[in-house]
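Encoded as structure tokens, the structure appears first; notes follow it.
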Amino acid sequence: MSRISLPGDRVVERPAGTTAAQIFAELVAETAGGPAPAGAPAWKKAVAAKVNGEVVDVSRPIGGDATLEPVLPGSPEALEVLRHTSAHVLAQAVARHFGLDQVEFAIGPVIEEGFFYDFDLPRQLVPEDLPKIEELMEAIRRENLPIVRIEAKDREDALAIVRADRAKSKFKQELISSFPEGETVSFYRQGEFTDLCRGPHLPSTGRLASFKIMSIAGAYWRGDSKREQLQRIYATAFFERDELKAYVKRLEEAEKRDHRKVGVQLDLFRILPEAPGFPLWMPNGTIVFNELITEMRRKLRRRDYVEARTPHIMNADLWKRSGHWAHYRQNMYVTQIEERDFAVKPMNCPGAALVFSQGLRSYRDLPFRLAEFGLCHRYEESGALSGMTRVRSFVQDDAHVFCTLDQVQLEIRGILDLIHEVYGELGMTEIEMFLATRPADRTGTDAMWDQAEGSLEQALRSGGYQFKLNPGDGAFYGPKIDFKIKDAIGRGHQTATCQLDFSLPEKFDLEYTGEDGTRKRPVVIHRAIYGSIERFFAILIEHFAGAFPLWLAPEQAIIVPVSEERHAGAAAAALKVLRDADIRASVDWSNEKLGKKIRNASIRKVPYVLVIGDREAETSEVAVRLRDGTDLGALPVADVAAALRAEAASRSLTPGLRKNP
RNA sequence: GCUGCCGUAGCUCAGCGGUAGAGCACCUCCUUGGUAAGGAGGAGGUCAUGGGUUCAAGUCCCAUCGGCAGCUCCA
């Protein structure tokens with residue numbers, strides 16, 4: 001007998017080998033003797049079982065004493081099981097579409113937003129295949145095929161199973177052969193289709209819920225571009241139809257916010273064939289660019305940073321000294337000047353080191369916080385380019401802090417706080433942090449690494465920041481903290497970074513005079529807050545859907561005369577008042593009706609529309625209309641100018657002028 | 001870089017073997033209009049580039065360049 005502990009402090013005894021499905025069924029039927037735990041009626045919906053914390057099939061026999069919980073729809077585990085089974089059904093549908101013996105199956109894992117399956121197919125998939133495959137999936141769901149787990153005795157047995165199958169099994173054989181000796185190899189069979197799989201799965205294909213094929217793409221076997229090119233089908237699945245609908249809707253919303261699209265609509269930037277990967281900042285985008293940097297400069301001043309500018313092109317000797325020539329040259333643009341090698345800078349660090357080393361430094365100068373809004377150029381493969389998020393030239397809001405190892409913790413803490421301040425003020429609160437520690441191949445002593453990693457961790461903890469550990473992911477020259485934020489489509493982007501560097505000071509022989517009069521070596525912290533302005537801008541565009549807060553908006557207010565003849569004087573006067581208050585304002589002089597002018601302003605996402613007609617002209621007022629359509633009525637021009645000025649200065653995310661209650 | 005898809009007016013797109021189209025934007029004129037599209041007219045394209053097939057090529061084929069999605073990599 002097995003003693004099985006259920007939720008709600010319920011314990012039942014059953015013969016060894018009883019399955020979770022049987023126990024759930026008994027409890028649902030309340031035939032288990034005694035009251036069923038609260039919520040038990042829902043257990044008939046269990047998609048899997050958690051036995052001693054491990055998610056398994058409901059049909060898996062339970063051995064000895066165990067804890068048992070149902071895995072119910074709504075939990076992340078249940079969704080994963082659903083999607084995993086959906087992946088198998090997708091594979092089965094593809095097999096039916098092309099013929100079971102025509103398809104080579106690779107792998108079909110669950111991913112964040114759904115799942116995919118990779119195939120080697122007799123021909124290229126075309127979009128018309130997809131609805132057919134979906135229909136076949138639907139048919140398999142209706143057939144309600146039981147899903148059966150098969151365990152191989154050993155690897156040989158497993159290989160025999162796949163070889164006996166009608167389906168091609170080149171990849172499966174390769175996978176099985178790579179498994180460690182002695183590990184259980186399992187298969188899942190539904191109808192005519194069997195797939196190598198660890199499980200767990202739904203009990204039958206009839207339990208499939210809402211699914212949808214999303215896209216097709218190329219992929220390589222095991223992600224290796226030297227291996228077989230496969231066709232990947234992306235799909236997703238949810239328990240509720242409404243969840244699937246909401247997901248599709250979210251993707252559509254994200255597409256509307258796509259910075260590449262909005263960037264063209266709002267005339268922010270272009271990336272032209274004349275300069276692939278090298279963005280052209282249009283005047284509107286340049287305003288945002290400049291505001292971001294102006295605001296950062298203001299914050300840096302208050303934190304005792306100084307700013308420098310270093311050359312874009314420096315000679316090969318410098319890059320050899322920094323190590324870039326040996327390790328980063330394939331990403332650098334190299335040129336020749338009077339027959340000597342030069343390179344365009346891919347990073348600002350060597351320049352910063354040169355700034356530091358001009359003149360002898362004292363410990364009294366440390367920490368020396370040196371900022372540079374440096375334009376960097378890096379060669380990127382054409383296939384890696386993507387809008388403003390992956391470019392070949394970009395401006396980093398870079399800084400290098402030269403300090404002692406003892407000062408590191410406080411400096412890092414200051415940087416962490418600054419990053420959160422900057423992102424928080426923009427309403428970006430979903431920031432993931434990763435502490436990357438020493439890699440196998442590294443420079444510096446273990447004692448240095450101990451102290452450095454300890455300082456970073458202490459800095460994180462002292463600020464109460466949540467973070468994840470990325471062991472071994474640090475740079476060879478020091479540990480780092482990486483920051484990831486999500487864009488509108490849910491893609492993660494690395495933006496800010498904060499890295500410790502023991503190596504740069506060595507390479508550039510950086511020194512300062514210590515309290516005791518001896519020469520000492522500083523450490524360097526590289527850090528960027530926005531990361532690259534280009535990428536950050538892309539994320540901002542998507543974050544705000546182009547409707548920037550006032551301080552960033554390229555056009556802050558537009559004055560709309562009801563009649564451009566009758567109200568020209570009043571409009572010009574209002575424009576002067578606004579411009580005197582440093583508001584980016586203009587008058588819409590176009591020969592259009594009021595409604596059209598408002599529509600135009602609204603398409604351009606202008607935060608404030610100020611209408612002037614007979615009534616307003618007489619009293620030096622403007623009728624204020626917010627971007628969201630709210631009509632605030634007529635207000636004195638001077639008051640509006642003052643309010644906008646204050647709103648921009650405070651970098652508020654919400655309008656400073658509001659409807660009076 | 002690799003695989004697939006795509007490239008027609010400033011933007012969004014239709015046309016898919018038989019003499020280049022629409023909407024918006026732009027220019028001119030009429031209209032002077034009170035909170036998301038007033039009317040009329042006009043200009044604008046060697047259909048990405050270069051080859052090929054054909055009596056005839058945006059349209060079919062090949063190559064190159066660029067874009068998109070993935071793979072890979074990174075700020």
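Here is the naming used below: chain letters follow the sequence lines, and residue numbers restart at 1 for every chain. Being a predicted model, the structure only gives us computed values, none of them experimental.
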Enumerate donor-acceptor pairs with a distance under 3.5 Å from any side-chain N or O in residues 585-596 of chain A to protein atoms, sequence neighbours excluded.
unit_1, atom_1, unit_2, atom_2, d
A:D588, OD1, A:S590, N, 3.0
A:D588, OD1, A:S590, OG, 2.6

Give each protein N/O atom lying under 3.5 Å from an N/O atom of nucleotides 25-29 of chain B, with the pair distance.
unit_1, atom_1, unit_2, atom_2, d
B:A25, OP1, A:K596, NZ, 3.0

- Using the aromatic ring of A:Y234 (for Trp, its six-membered ring), decide whether it stacks on the base of B:G70 within the limits of 5.5 Å and 30°. no
- Task: Could you tell me whether the phosphate oxygens of B:U35, OP1 or OP2, come under 4.0 Å of any side-chain nitrogen or oxygen in A:R599?
- Result: no
Please tabulate, one pair per line, all N/O donor-acceptor pairs under 3.5 Å involving side-chain atoms of residues 267-287 of chain A, not counting sequence neighbours.
unit_1, atom_1, unit_2, atom_2, d
A:W281, NE1, A:E534, OE2, 3.3
A:N284, ND2, A:L266, O, 3.0
A:T286, OG1, A:M282, O, 2.8

- For every nucleotide of nucleotides 40-50 of chain B, 5' to 3': is a protein heavy atom under 4.0 Å from its base (B), only from its sugar-phosphate (S), or from neither (-)? -----------
- Message: Contact between A:M347 and A:H324 at the side-chain level, heavy atoms closer than 4.5 Å - yes or no?
- Response: yes
Provide a list of protein-nucleic acid N or O atom pairs under 3.5 angstrom, restricted to nucleotides 63-68 of chain B.
unit_1, atom_1, unit_2, atom_2, d
B:C68, O3', A:R260, NH1, 3.3

- Message: At 4.0 Å (heavy atoms only), tell me whether A:A623 reaches a base, stays on the sugar-phosphate, or touches nothing.
- Response: base
- Message: Please tell me if A:R270 has a side-chain N or O lying less than 4.0 Å from either OP1 or OP2 of B:G10.
- Response: no
- Task: Quick one: sort the A:Y117 and A:F119 rings into parallel, tilted or perpendicular, breaks at 30° and 60°.
- Result: parallel
- Quick one: list whatever passes side-chain contact (heavy atoms from CB on, under 4.5 Å) with A:L460, sequence neighbours left out. A:L416, A:M433, A:L435, A:Y465, A:F467, A:I481
